Amino acid sequence: MARILTGIQSSGIPHLGNLLGAIIPAIELSKDPENESLFFIADMHSLTTIRDAELLKENTFATAAAWLAFGFNTDSNIFYRQSDIPEVCEMMWYLNCLTPYPMLANAHSFKDKASKLHNVNAGLFTYPVLMAADILLYDAEIVPVGKDQIQHIEMTRDMAGAFNHTYGETLVEPKTNVDERVMIIPGTDGQKMSKSYNNFINIFLTDKKLRKQIMGIQTDSTAMEDPKETDGCNVFTLYKLLATSEETAVMKANYEGGNYGYGHAKQALYELIIIKYATERAKFTELMEDKTLIEEELQKGALKARNIAQSVLKRVRTKVGY
Ligand code: ADP
Ligand code: TRP
């Protein structure tokens with residue numbers, strides 16, 4: 001049995017890119033009865049950028065609601081909130097003391113954030129150590145992540161290796177699992193869909209707001225009557241990702257036939273999302289209206305996660321000499 005673990009920051013409401021690129025594939029992986037999955041909301045990592053307590057709380061619930069709405073089975077797996085397991089901070093300290101300063105200073109994601117932000121806090125600097133603690137605290141074997149996170153997993157392996165080298169075999173060195181089939185989902189402007197570029201589609205919005213986001217997808221100025229290119233069209237790309245091959249063929253014929261405007265294509269995309277995700281959208285809204293159930297799920301998961309965390313930490317404490 002493989003233990004799979006992944007986290008997603010609560011830095012906003014999960015968008016279509018997060019869902020198609022991370023949440024849905026992870027849930028699919030968790031359905032294999034050979035696996036045990038630990039999925040968590042990295043709300044301590046979010047503190048590196050979010051300073052509004054209410055917003056942090058709301059984002060954490062929305063992220064949890066998205067996992068639950070898409071059917072993550074919390075009985076056969078473990079679903080929790082990072083901040084409910086304070087053991088992770090202790091684990092982080094042990095790893096901090098074995099992590100060379102240049103390794104953190106040279107990390108791509110740190111250099112990238114440090115060049116863009118005005119306030120570079122130590123949390124951003126030690127972000128990969130907290131992430132390594134997240135993984136090593138649960139003896140995780142496989143960590144599914146996007147390409148941008150690969151370096152963090154390599155650093156995690158280095159930290160586990162350094163610990164094992166110093167104190168003897170203690171921690172499990174995890175493997176990355178990058179699903180090459182998972183493509184980068186483009187946003188409304190054709191760049192990678194991201195919370196930070198404000199080009200996302202949030203399928204959990206009300207019908208009216210969702211339609212407005214979809215109508216905002218950038219297109220070229222080909223006239224309504226003229227045939228249109230499907231290649232490179234943001235509306236078509238998103239439609240193709242969600243539609244069946246028959247529906248895509250019909251849309252392609254509409255593009256090539258002319259007398260079919262981008263407004264029509266956007267309307268079709270909107271209707272497709274509404275139909276395809278009807279159940280998940282309704283479930284998300286229901287969970288967010290009364291958050292008791294989300295809280296109960298997270299508490300249930302915290303008990304299970306803490307059990308594992310405490311036993312691994314006990315092993316670590318003995319090794320370091322406590
Ligand atoms: P964002 O860029 O919106 O802040 P995150 O960095 O929080 O997203 O990513 C959370 C997860 O969603 C990661 O596993 C990441 O690889 C995945 N992800 C984010 N944006 C996309 C996208 N446009 N296409 C595919 N996967 C994505
Ligand atoms: N850093 C990851 C991201 O931004 C989120 C994360 C935190 C994570 N801890 C983790 C992912 C542990 C995998 C394993 O996407």
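The model shown is predicted, which means the values in this text are computed figures rather than measured ones. Just so you know, ligand 1 is whichever comes first in the structure, and atom 1 is the first atom listed for that ligand. Along the sequence shown, the residues carry numbers beginning at 1.
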Q: Could you tell me whether Phe39 approaches ligand 2 through its side chain, its backbone, both or neither, with non-hydrogen atoms closer than 4.0 Å?
A: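 Answer for Phe39: neither.
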Q: I'd like to check whether Met193 has a polar contact with ligand 1, where a contact means an N/O of the residue lying under 3.5 Å from an N/O of the ligand.
A: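 Yes, at least one N or O pair falls under 3.5 Å.
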Q: Does Arg306 pair with Glu87 as a salt bridge, N-O distance under 4.0 Å?
A: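 Yes, charged N to carboxylate O under 4.0 Å.
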Q: With heavy atoms of Asp148 as the reference, note each atom of ligand 1 found under 4.0 Å away.
A: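 In order of numbering, the contacting atoms are 16 (O).
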Q: Between the candidates Ala22, Gly21, Pro14, which shows the shortest non-hydrogen contact distance to atom 13 (C) of ligand 1?
A: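 That would be Ala22.
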Q: Is the cationic atom of Lys195 (NZ for Lys, CZ for Arg) positioned less than 6.0 Å from the six-membered ring centroid of Phe200 and within 45 degrees of its normal?
A: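 Not satisfied by the 6.0 Å and 45° rule.
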Q: Just need the protein heavy atom nearest to atom 5 (C) of ligand 2, so name the residue and atom and give the distance.
A: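 Protein heavy atom at minimum distance: Gly7 O, 3.5 Å.
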Q: Any idea which part of Lys147 is under 4.0 Å from ligand 1, heavy-atom wise: side chain, backbone, both or neither?
A: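 For Lys147, no heavy atom sits under 4.0 Å from ligand 1.
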Q: Using a 4.0 Å heavy-atom threshold (strictly under), name the region of Thr6 that reaches ligand 1: side chain, backbone, both or neither.
A: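 For Thr6, no heavy atom sits under 4.0 Å from ligand 1.
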Q: Just heavy atoms, cut-off under 4.0 Å: does Ser194 contact ligand 1 by side chain, backbone, both, or neither?
A: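 Both the backbone and the side chain of Ser194 come within reach of ligand 1.
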Q: Answer side chain, backbone, both or neither: which part of Gln149 comes under 4.0 Å from ligand 2, heavy atoms only.
A: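 It is the side chain that gets close, since no backbone atom is under 4.0 Å.
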Q: Starting from atom 4 (O) of ligand 2, which protein heavy atom do you reach first, and at what distance in Å?
A: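 That would be Tyr127 OH, 3.1 Å.
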Q: Side chain, backbone, both or neither: which applies to Leu130 and ligand 2 if a contact is any heavy-atom pair less than 4.0 Å apart?
A: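 Neither; nothing of Leu130 gets under 4.0 Å from ligand 2.
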Q: Given Gly146, Ser196, Ala26, identify the one with the heavy atom nearest to atom 16 (O) of ligand 1.
A: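 Nearest option to atom 16 (O) of ligand 1, by heavy atoms: Gly146.
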Q: Strictly under 6.0 Å, is that where the ring centroids of Phe110 and Phe125 end up?
A: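 So the answer is yes for these two rings.
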Q: Run the side-chain donor-acceptor check on residues 234-242: report pairs under 3.5 Å with partners two or more places apart or on a different chain.
A:
residue : atom : partner : partner atom : Å
Asn234  : ND2  : Gln218  : O            : 3.0
Thr237  : OG1  : Cys233  : O            : 2.8

Q: Hey, is Asp148 touching ligand 2 through its side chain, its backbone, both or neither, going by heavy atoms under 4.0 Å?
A: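 Within the 4.0 Å criterion, Asp148 makes no contact with ligand 2.
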Q: Verify, without hydrogens or angle tests, whether Asn106 (side chain) and Pro102 (backbone) share a donor-acceptor contact under 3.5 angstrom.
A: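 Checked: pair present.
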Q: Between Tyr80 and Tyr138, is the ring centroid distance below 6.0 Å?
A: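 Yes; Tyr138 has its ring centre under 6.0 Å from that of Tyr80.
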Q: What about the rings of Tyr277 and Phe70, do their centers lie closer together than 6.0 Å?
A: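 Judged by ring-centre distance (under 6.0 Å), Tyr277 and Phe70 do meet the cut-off.
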